[in-house]
Amino acid sequence: MQVILKELTKSFEVILLKNLIENGKKEVFEKIHKNLINQSSKEEFGDYQCNICLVLSKIYKRNPREIAITFVQILKENKKISNLCEDLEIAGPGFINIKLKNNILIEEIKSNLQCPRAGVPLSNKISKSNSKKKVIVDFSSPNIAKEMHVGHLRSTIIGDTISKIFELRGHSVLRLNHIGDWGTQFGMLITQLKDLYSRDLKEIENIKISDLVEFYKASKKRFDNEKEFQKRSREEVVKLQKGDTQSIEAWKLLCNQSRKEFDEIYKTLNITIKERGESFYNPYLKSIIQDLKCKKILIEDQGAKCVFLDGMTNKEGNPLPLIIQKKDGGFNYATTDLAALRYRFNKEPNGDNANRIIYVTDHGQANHFIGVFQVAKKANWIPEDCEVNHVPFGLVQGIDGKKLKTREGDTIRLKDLLSESVKRAKEDLLKRLENESRFESDEFILNTSRVIGIGAVKYADLSQNRITNYQFSFEKMLSLNGNTAPYLLYTLVRISGINRKNNMTEEDINSKSIEYSHDLEWKLIRKLLKFDEVIISIEKDLMPNRLCNYLFELCQTFNRFYDQVPILKEQKEKKISRLSLCALTEKTLKLSLELLGIESLERM
Ligand code: ARG
């Protein structure tokens, strides 16, 4: 209903402006016209609410109710407004409650049924300044030879959904995997590789490292304890950075090995993302220093080159620097991020020409991004009208509130976590089948438990306010009741059941006249028509949990309707009207699940 809301707002604005001009207060318009019409605070008040008369009362120094009476009279004379609105009611001290006409809502339902995006308008439909943009979402981004942990899982799931929402709105999205594939740790990894396999690494392609994480740990231990190993590792870094063929080969081997493991997880989660590791920005690091020097932002402090950050201090209250080049001349995580940011905003061909960059990482990196963004702003690397956002998220904890671990106290491998969820989903399914004396093929059981198991993990993550920590519980996320993926899938399955039993075609639904009488029908209609608002708010604030909350409420509203309002037993017109609500609920639900990266089911 965002398009209608926009039209309505425009008409209100014109009348407000006219009113201000007449009263010689034109200049306040800019200040007060924002958020002229809001969502109703309570459903029974109507669809929208306008509180401007309270604001005007302060400006005109008159009683707000009196102002409202005149204001409403003028509003009612406006053709557009009277076409859209049933009633403009003055409430309390001078609020205006707005209720849309039934036929307007029905037209919206019909048009959303035809719309491939279930009523979500493309971005350019709502505001010109927000027309098609190039958005980069930097997410997942694990590190070579290190464990891909639950933090990366969160980043992957949240980043994927955010990307999909921007795509739905018609933006062009570049999903980037900023893999940690460069840095001093490669010196020790390559040295270890050479020591263990062959000094000259003749058959480098044939080397298989069964467990890269163990390999990393072993080499780190040697690096910390053996002087000679440390020295050779440092030399190896220099060789690598100079582009020594053998070192590069060894580096590639390590990257490939990790990539295989990452790809397995991406396949299970059905994630597409373009790999562009830190090493990609290597050629641009030096010029970051030069550029900052030219702009006179760079300061040398105890041998390191840094930029001092405004408003950030350390424990002692001294200004905090962002180090861009270390004392030994080496670059770091921040240097790479600055080079990446500049490249991404640069025009093609030496850049991505992005309008907005979104970084999805754990909360622990918040200060890093504050620093990087501040330096980029000082250096003028963020073009006008362009935006950067850090999307931080909290920790995943066990039910004991501590860091998520296996029963033996080890870190949980993502692969194991996902397969455990599928395994438990299968156990639940088999129990259900037994209780219902139902027989299903092996293929059905395999696929259904996979969809539920993976979907449950994703949904449990996305349904949390990402900023807070959340407790990981297989029992909760796999439950058929509550705000869970199985509950949503179950609602979808119900609708598929209705579809199997009715012989209406989509054409019937679209061509017959539609009528509604039941209170629960109108509740469902109003809920369905809120979908686009939710999507647009996520595009702005990057909080995917809003979609989950909305879906949970939608399913509850639908299920109440389903339980209390007869559908298939009704006569033609009524039946078609109700079936069309089922169809739009199904469409909205399927599309939303797609946005959340969850597969749909027709039976479960
Ligand atoms: N590799 C980092 C990590 O594992 C995440 C990188 C996020 N992206 C970025 N541009 N810094 O924590």
Side-chain angles (χ1 to χ4, degrees), residues 135-160 162-163 173-186 189 212-213 216-217 220 251 254-255 258-259 261-263 265-266 269 271 273-282 284-285 288 322-324 331-346 351-352 354 356-377 379 381-382 386-396 403-404 411-414 466 469 542:
V135 183
I136 290 181
V137 186
D138 174 321
F139 69 100
S140 196
S141 310
N143 304 307
I144 297 291
K146 286 198 203 160
E147 197 113 38
M148 185 171 175
H149 50 69
V150 275
H152 296 117
L153 180 70
R154 287 209 82 178
S155 173
T156 307
I157 297 173
I158 296 171
D160 184 47
I162 289 179
S163 303
V173 178
L174 177 58
R175 302 148 165 257
L176 287 184
N177 205 353
H178 191 80
I179 289 187
D181 67 348
W182 199 248
T184 45
Q185 75 274 22
F186 281 93
L189 288 167
L212 207 48
V213 174
Y216 183 93
K217 281 188 195 150
K220 177 88 173 80
W251 170 72
L254 291 162
C255 292
S258 269
R259 193 170 294 128
E261 288 175 27
F262 300 154
D263 283 348
I265 301 228
Y266 294 142
L269 295 172
I271 302 289
I273 184 164
K274 181 177 161 146
E275 183 183 326
R276 197 202 269 167
E278 295 184 356
S279 60
F280 176 89
Y281 304 100
N282 216 30
Y284 308 103
L285 297 178
I288 286 289
L322 184 74
I323 297 176
I324 319 272
F331 301 114
N332 60 20
Y333 190 48
T335 330
T336 306
D337 258 323
L338 285 168
L341 182 148
R342 192 181 60 170
Y343 184 93
R344 291 165 182 182
F345 279 131
N346 265 351
D352 296 310
R356 185 171 178 182
I357 313 175
I358 293 167
Y359 300 82
V360 190
T361 79
D362 64 288
H363 203 277
Q365 302 195 32
N367 280 341
H368 163 76
F369 284 107
I370 291 177
V372 167
F373 295 168
Q374 204 189 97
V375 172
K377 241 176 233 145
W381 290 333
I382 306 176
C386 290
E387 204 182 338
V388 283
N389 308 103
H390 179 221
V391 173
F393 52 78
L395 301 173
V396 184
K403 204 173 158 198
L404 192 64
T411 351
I412 294 190
R413 285 167 168 266
L414 292 188
R466 59 171 166 77
N469 298 342
L542 310 170

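In each ligand, atom 1 is the first atom listed, and ligand 1 is the first ligand listed. Predicted model only: the values in this text are computed from it and were never measured. All residue numbers refer to positions in the sequence shown, counting from 1.
Between Gln365 and ligand 1, an N or O atom pair is found at a separation short of 3.5 Å. For ligand 1, the polar-atom distance check against His152 finds a nitrogen or oxygen pair separated by under 3.5 Å. The shortest N or O to N or O distance between Asn143 and ligand 1 is under 3.5 Å.
Classification of the Trp251-Trp182 ring pair by plane angle, with boundaries at 30° and 60°, yields perpendicular.
Counted by atom type alone, Tyr359 and Asp337 present zero donor-acceptor pairs between their side chains at under 3.5 Å. Under 3.5 Å, the side chains of Asn332 and Thr335 contain a donor-acceptor pair of N or O atoms.
Remark: minimum distance from atom 8 (N) of ligand 1 to any protein heavy atom is reached at Asp138 OD1, 3.0 Å.
Looking at every heavy atom in both residues, Ala376 comes nearest to Leu338 through N-CD2, 4.1 Å. The shortest heavy-atom contact between Arg154 and Gly394 is NH1-O, 3.1 Å.
Closest heavy-atom approach to atom 2 (C) of ligand 1 within the set Ser141, Gly159, Gly180: this belongs to Ser141. Of the candidates Phe369, Tyr359, Tyr333, Tyr333 brings a heavy atom nearest to atom 6 (C) of ligand 1.
Between the side chain of Asp181 and the backbone N or O of Ser279 there is at least one donor-acceptor pair closer than 3.5 Å.
Proximity of Asp362 to ligand 1, defined as any heavy-atom pair under 4.0 Å, is not found for any part of the residue.
The shell of residues lying under 4.0 angstrom from ligand 1, judged by heavy atoms, excludes Lys146.
Every atom of ligand 1 is numbered from 1 in the order shown, and the set under 4.0 Å from a heavy atom of Thr361 is 7 (C).
Aromatic ring centres of His178 and Tyr281: separated by under 6.0 Å.
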